[in-house]
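Written out below as structure tokens is the structure these notes cover.
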Amino acid sequence: MASEEPFSSEAKAQRYDQSLRKDLSTFDLLMLVIGSVLGGSWLFGAFYSAIYVGPASILSWIIGGILLIFVALVWAEVGSLFPKSGGLVRIPQYTGGTFASFIMGWAYLLGIITVAPTETLGAVQYLSSFIPGIFVKGTITLKGGLLTFALLTLFFFLNYFGVKLFGKVNDVFGVWKLIIPTLAVLLLIAFYPHPSNISSLPNGFEPYGLSPVFLAVSAGGIVYSYLGFREGIDYAGETKNPEKAIPISTVGGLVLMMLLYLLIQIAFILGIDWKALGIPPGSWSSLSSTVLSNGPFFEIFKLSGIGILIAFTVVLIIDAIVSPSGCSIITTGVASRTFYGLAADGHLPEFFLKLNRWGVPWISLIASWLLGTLFIIPYPTWQLLSTFISSATVIAYLGGMPALASLRKFVPEVKRTFKVPFASFITPIAFVVSVLLIYWTPFNVLYGTIAITLSGVPLYFVYTAKRYRINETIAIITSVIYVSLITFFTYYLAYEKIALPYQNGITSQYLFLSSFIIYLTAVTLILTSYIAINYRSLNSIGKKHVRSGVWIVVLLLTLLTISFFGPYGPLARPLISFPYDNFVAAATGLAFYYWSIRSAFYTEDLTMLIKQLIKQ
């Protein structure tokens with residue numbers, strides 16, 4: 001009979017963790033958060049948000065910021081309790097098991113490796129106002145693609161030579177990125193305000209109603225803009241005083257950026273000159289067809305005709321390179337820590353843990369650079385990339401809330417330098433918030449995000465589950481069949497029959513409904529059969545890990561269903577209208593939060609981690 005002695009990937013990872021260089025200070029970590037949050041988002045986020053909801057986009061930034069503060073508080077506690085590089089994908093495994101942590105880690109990896117190319121695309125798109133031929137009609141050209149690739153390669157080398165140099169260089173970027181947006185806001189409000197844009201235009205403050213206010217939180221790039229609060233957690237293992245630095249950078253940095261983004265959005269709305277743009281006043285959705293699509297703030301300053309604002313466009317051109325580039329440098333490093341974290345969890349080969357002479361996981365860095373550049377091809381515009389990133393990375397945030405609640409229960413004796421107040425109240429709210437942020441993603445993006453996330457399940461059974469004595473032959477054969485079927489049904493039903501016609505302006509209640517029911521049924525049967533077949537060959541420990549993580553798979557399919565039937569789906573007459581759809585999604589989130597708590601257990605990795613803490 002095969003041995004069923006628990007296997008701890010944490011024991012293997014500790015050897016590499018000890019060789020990481022703890023060179024980042026609290027200020028360095030705060031600048032990491034600021035540098036990541038203030039990337040190309042400030043150049044384009046206000047523009048896309050205004051297109052969706054007009055002046056009410058101000059509310060979208062407030063809502064998005066407040067909601068993410070709940071999530072940041074939770075991750076600040078668990079991140080400072082166990083400061084690990086790649087912490088966002090490692091911490092959920094300590095109490096949630098390998099299956100759930102793999103699903104969330106895979107989703108996070110999909111999102112994070114696209115951030116650097118997204119930010120770089122933002123820079124190139126902004127530069128199209130200055131350099132012709134790199135963006136045409138909102139789409140990157142071959143010339144622009146080559147420029148993007150060259151910049152990504154530069155960012156790779158800036159990460160390669162150690163976290164100390166990287167931290168100090170980023171401090172300069174962080175200070176710059178605080179100063180320039182602040183100056184832009186002050187100049188625009190002082191010299192070129194149009195107060196009537198706030199509420200005196202046709203249809204008023206909420207020209208498209210309340211529902212798009214929430215849609216803009218995700219699809220308008222707001223969630224994407226705020227997501228940089230996580231960077232301190234992913235670099236926690238390379239920080240001098242993580243117990244202090246993580247809460248300050250994670251929560252404090254997010255609050256500071258929320259206030260700045262709110263001012264940026266207000267300044268952008270006030271700066272719109274409808275006559276100069278050649279569109280009717282209040283036609284917010286028409287902004288996408290104006291010159292603002294090339295560089296929103298640059299074009300506003302140029303169209304103003306005011307000397308000091310025109311002169312400032314030179315600074316904006318420079319910042320169009322500096323801000324997104326600074327963010328790209330950071331997220332290239334974060335992506336490598338994600339590969340590192342997944343390898344530490346045992347989901348990727350050990351060579352992803354290997355460090356170069358400067359303490360950088362160099363193979364992980366190469367992987368993040370190469371894979372990230374591929375995302376320039378299928379998602380060629382900033383908006384599409386940012387929406388995909390938002391929905392993919394927020395899936396990973398779900399793991400922090402059950403981790404906090406379970407760690408409070410399993411290891412109450414461990415010292416916590418930062419404790420979330422009223423955790424029994426805040427933690428479920430943070431989980432519901434994460435669920436809502438996923439749900440607010442438009443269906444025509446969410447179905448792809450979930451399909452790609454679920455397509456990674458075979459990697460778990462083929463690689464990670466080997467430790468649980470799985471039948472590898474059966475796992476490989478069923479994995480090929482599984483991926484083929486998921487790809488087939490997603491393309492021909494979800495994309496061809498629903499998403500593509502919907503994007504082309506075709507509305508059909510019956511055809512969309514029938515196609516989705518067939519698609520959901522097929523995917524559920526395929527996924528269930530695949531997991532069940534491989535589950536049977538696992539030993540008892542492996543079965544426990546899979547059982548404890550089933551909730552995340554069921555949650556994703558449930559959210560996809562609510563999205564289809566709600567106002568963010570393709571139905572001409574949504575069966576779940578606003579605001580009832582949000583109540584349904586929130587109730588679903590609360591139910592799954594308690595399911596995730598009940599599924600948590602004291603894992604072998606947590607046992608090893610506590611032993612390490614006792615030795616220290």
Side-chain angles (χ1 to χ4, degrees), residues 29 33 63-84 87-97 100-101 104 108 226-227 229-234 236 241-255 258 393-438 548-549 551-552 555 585-603 605-607 609-610 613:
L29 221 58
V33 171
I63 292 170
I66 291 174
L67 293 180
L68 278 172
I69 284 173
F70 286 101
V71 181
L73 282 168
V74 170
W75 278 101
E77 176 172 328
V78 295
S80 58
L81 179 63
F82 295 128
K84 298 288 184 179
L88 218 72
V89 299
R90 295 178 68 176
I91 292 172
Q93 183 156 303
Y94 298 150
T95 61
S101 76
M104 290 182 282
Y108 186 64
Y226 284 141
L227 289 182
F229 79 82
R230 68 195 169 213
E231 312 301 20
I233 297 163
D234 279 322
N241 187 6
E243 294 81 6
K244 173 186 175 183
I246 290 174
I248 291 175
S249 62
T250 302
V251 182
L254 179 58
V255 172
M258 175 185 169
T393 52
V394 173
I395 292 173
Y397 289 8
L398 293 167
M401 283 57 84
L404 186 148
S406 301
L407 288 169
R408 289 274 185 104
K409 177 183 177 181
F410 295 155
V411 287
E413 73 282 2
V414 176
K415 182 182 178 182
R416 291 163 171 80
T417 55
F418 176 79
K419 290 188 69 174
V420 176
F422 310 107
S424 59
F425 173 72
I426 288 178
T427 306
I429 289 179
F431 190 91
V432 169
V433 165
S434 298
V435 167
L436 287 173
L437 293 175
I438 298 170
S548 71
W551 65 268
I552 184 64
L555 174 59
T588 299
L590 193 62
F592 275 88
Y593 168 74
Y594 289 109
W595 182 358
S596 69
I597 295 298
R598 290 181 63 86
S599 299
F601 66 103
Y602 204 118
T603 66
D605 285 321
L606 182 58
T607 300
L609 193 62
I610 297 304
L613 288 177

Under 3.5 Å, side chain of Ser548 to main-chain N/O of Gly96, donor-acceptor pair present?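 Answer holds: yes.
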
With rounding to the nearest 0.5 Å, note down the distance linking [atom1] in [X] to [atom2] in [Y].
X: Leu88; Y: Asp234; atom1: CG; atom2: CG; result: 5.5 Å
X: Gln93; Y: Leu609; atom1: CD; atom2: CG; result: 11.5 Å
X: Trp75; Y: Arg230; atom1: CH2; atom2: CZ; result: 11.5 Å
X: Thr607; Y: Phe410; atom1: OG1; atom2: CZ; result: 10.5 Å

When you compare the side chain of [Y] with that of [X], does any pair of heavy atoms fall below 4.5 Å?
X: Val251; Y: Ile246; answer: no
X: Lys415; Y: Leu81; answer: no
X: Leu407; Y: Leu606; answer: yes
X: Leu254; Y: Tyr226; answer: yes
X: Thr427; Y: Leu73; answer: no
X: Pro428; Y: Leu590; answer: yes
X: Val394; Y: Val71; answer: no
X: Thr603; Y: Thr95; answer: no

Inspect the contact between Arg416 and Glu77 and indicate whether a charged nitrogen and a carboxylate oxygen are less than 4.0 angstrom apart.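 A salt bridge is present here (some side-chain N lies under 4.0 Å from a carboxylate O).
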
Side chain to side chain contact (heavy atoms under 4.5 Å, CB included) for Thr250 and Leu29? Distances and angles first, verdict last. CA-CA 9 Å; Thr250 302; Leu29 221 58; over 6 Å; no

Member of Leu436, Val435, Ile429 meeting the side-chain contact (heavy atoms from CB on, under 4.5 Å) criterion with Val433: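 Only one option passes, and that is Ile429.
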
May I have the step-by-step check of side chain to side chain contact (heavy atoms under 4.5 Å, CB included) for Ile552 and Met104, ending in yes or no? CA-CA 8 Å; Ile552 184 64; Met104 290 182 282; 4.2 Å; yes

Give the minimum heavy-atom separation between [X] and [Y], together with the two atoms involved.
X: Gly79; Y: Ile233; answer: CA-CG2, 4.5 Å
X: Val74; Y: Ala430; answer: CG2-CB, 3.8 Å
X: Lys84; Y: Ala236; answer: N-CB, 3.8 Å
X: Ser101; Y: Pro92; answer: CB-C, 4.3 Å
X: Val420; Y: Arg408; answer: O-NH2, 3.2 Å
X: Pro402; Y: Tyr593; answer: N-CE1, 4.4 Å

OH/Tyr602: more than 12 non-hydrogen atoms of other groups inside 6.0 Å: yes

For Trp551 and Phe431, take the angle between the two ring planes, folded into 0 to 90°, and tell me which bin it lands in: parallel under 30, tilted 30 to 60, perpendicular over 60. tilted

Side chains of Glu243 and Thr417: do they bring a donor and an acceptor to under 3.5 Å? no

List the steps, then state whether side chain to side chain contact (heavy atoms under 4.5 Å, CB included) holds for Leu437 with Leu68. CA-CA 9 Å; Leu437 293 175; Leu68 278 172; 3.7 Å; yes

Are the aromatic rings of Tyr397 and Phe70 close, with centres under 6.0 Å apart?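 For Tyr397 and Phe70, the ring centres are not under 6.0 Å apart.
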
